[in-house]
Amino acid sequence: YQRRVHGLTERFELFVCCKEIVNAYTELNSPQVQRQCFEQQALAKTAGDDEAMSIDEGYITALEYGLPPTAGWGMGIDRLTMFLSNHNTIKEVLLFPAMKPRVDEPNPAPPTDSSAPPTEEKGKKSKGGDNKNKGKGGDAAPAEGACEDASAFDIRVGRIVSVEKHPNADSLYLEQIDVGEEKPRQIVSGLVKYIPIDQMQNAMVLVMCNLKPAPLREVMSFGMVLCASNEDKTQLELVPVPEGAKPGDRVTFPSLKGQPVPEVPKKKLEKLLPGFKTDDEGVATWNGVPFTLPSGVCKSNLKNSRVS
């Protein structure tokens, strides 16, 4: 990891009497930057990049607790001890401490006088607190709280007006898609090895429009093209839209009463995406509720497959 030059790692090693004493190199050890990198990778994976990774919460936690952002280099006491005691491996000199289990428990409540009966005033205070919360009911709820089902997604019909290979990744397409907005939306999709470029051009597709914009291989993507695929991705196709659909038409889910949120939080996206599948007849659904457009339901040739 190099802060200024992409793809460069600075490194040096120190050997004394043929034994390695120092192994130094630049490394990403900021948990905030690491989380951003993981999020970009997760979005790339969702978009179809098979080489991308998921978010590793355990690794980020380890960075937060065990390796705060630092600079410089250090000579490990274990390596130095190995050298001074004439041992050949670190195992021979390293004392591995027992790991304490991580316990996430709330702080214990302060002791109370159990003999004292509850007072009228205490009950009123509790009731008043509830009323106070109710009085703020007109305030906008956080977007994350509204993302409980597929109705939170802004899924629209789009037409791919132009498509080309991604300048930095052979497995990705860079598309401009008309979704009924003032100008086409730029989207990156990992579909190169599944769908020929001539079949992408002018194709009618479904686009998930309210995901967090993210750079995929250094090019911004503002949504995700939805595809149906089997479990091992040996079969994949764009989710077809019914005859008569036009760019900008929005998918609804008849039995779900929510409305699309401005931006679906990443944790909610990961929680809700597994519910998108095709049923026994190939109809695209979320937990059995069909993707519905003014012109009909969206039906794929792939049955009982995932949609993402």
Side-chain angles (χ1 to χ4, degrees), residues 39-40 42-49 140 142-163 166 172-191 195 200-216 219-229 237-242 244-254 256-277 284-287 289-298 300 306-308:
E39 288 177 348
Q40 293 173 13
L43 284 173
K45 187 173 185 177
T46 302
D49 188 347
E144 187 164 346
C147 300
E148 300 303 329
D149 56 46
S151 63
F153 290 99
D154 182 4
I155 302 175
R156 298 183 226 162
V157 175
R159 184 177 70 85
I160 301 177
V161 296
S162 71
V163 57
H166 192 293
L172 302 177
Y173 282 133
L174 177 59
E175 307 131 7
Q176 302 295 326
I177 304 180
D178 176 12
V179 292
E181 298 172 327
E182 185 176 347
K183 61 180 182 179
R185 184 178 285 243
Q186 178 172 284
I187 293 179
V188 176
S189 303
L191 300 175
I195 303 175
M200 292 287 290
Q201 182 67 47
N202 291 317
M204 298 293 285
V205 295
L206 292 182
V207 179
M208 197 172 280
C209 295
N210 58 343
L211 304 181
K212 181 179 180 180
L216 300 183
V219 175
M220 290 301 295
S221 180
F222 298 89
M224 179 172 69
V225 174
L226 293 181
C227 297
S229 66
E237 70 171 20
L238 299 167
V239 175
V241 299
K246 59 184 184 299
D249 285 351
R250 180 170 287 162
V251 170
T252 59
F253 299 88
L256 306 180
K257 304 304 181 184
Q259 293 295 323
V261 297
E263 185 177 291
V264 177
K266 175 134 189 57
K267 288 184 178 180
K268 291 292 186 179
L269 174 65
E270 294 174 346
K271 177 182 176 182
L272 297 174
L273 267 183
F276 288 101
K277 297 178 181 178
T285 71
W286 183 81
N287 286 349
V289 183
F291 284 41
T292 305
L293 289 163
S295 52
V297 297
C298 301
S300 169
R306 65 178 183 177
V307 174
S308 61

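- With values rounded to the nearest 0.5 angstrom, Asp149 atom CG is found 9.0 Å from Asn287 atom CG.
- Nearest heavy atom pair, residue Pro240 against residue Cys298, reads O-CB, 3.5 Å.
- A donor-acceptor pair under 3.5 Å links the side-chain atoms of Gln201 to the main chain of Val161, judged by distance alone.
- Glu148 approaches Leu272 most closely through the heavy-atom pair O-CD2, 3.8 Å.
- Ser221 and Ile187 get closest at one heavy-atom pair: OG-CA, 3.6 Å.
- Nearest approach of Glu263 to Leu211, heavy atoms of both residues: CG-C, 4.2 Å.
- Atom NZ of Lys277 is separated from atom OG1 of Thr285 by 8.5 Å, given to the nearest 0.5 angstrom.
- Aromatic ring centres of Phe253 and Phe153: separated by at least 6.0 Å.
- With Gln186 contributing its side chain and Met220 its backbone, the two residues share a donor-acceptor pair below 3.5 Å.
- Closest heavy-atom contact between Asp178 and Pro247: O-CB, 3.4 Å.
- The structure places OH of Tyr173 at 9.5 Å from CD1 of Ile160, a figure rounded to the nearest 0.5 Å.
- Between the side chain of Asn210 and the main chain of Val264, no donor-acceptor pair closer than 3.5 Å is present.
- In this structure, CZ in Phe222 is found 13.5 Å from CD in Glu175, a value given to the nearest 0.5 Å.
- Counting heavy-atom neighbours within 6.0 Å of Lys266 NZ, excluding the residue itself, gives a total above 12.
- Although no hydrogens or angles enter the test, the distance criterion places no donor-acceptor pair under 3.5 Å between the side chain of Ser295 and the main chain of Leu293.
- In this structure, Ala245 and Met204 approach most closely via the heavy-atom pair O-CE, 3.5 Å.
- Within the 3.5 Å criterion, the main-chain N or O of Cys209 finds a donor-acceptor partner in the side chain of Arg185.
- To the nearest 0.5 angstrom, Leu238 atom CG is 3.5 Å from Ile195 atom CD1.
- Atom-to-atom distance recorded for Asp249:CG and Thr292:OG1 is 12.5 Å, nearest 0.5 angstrom.
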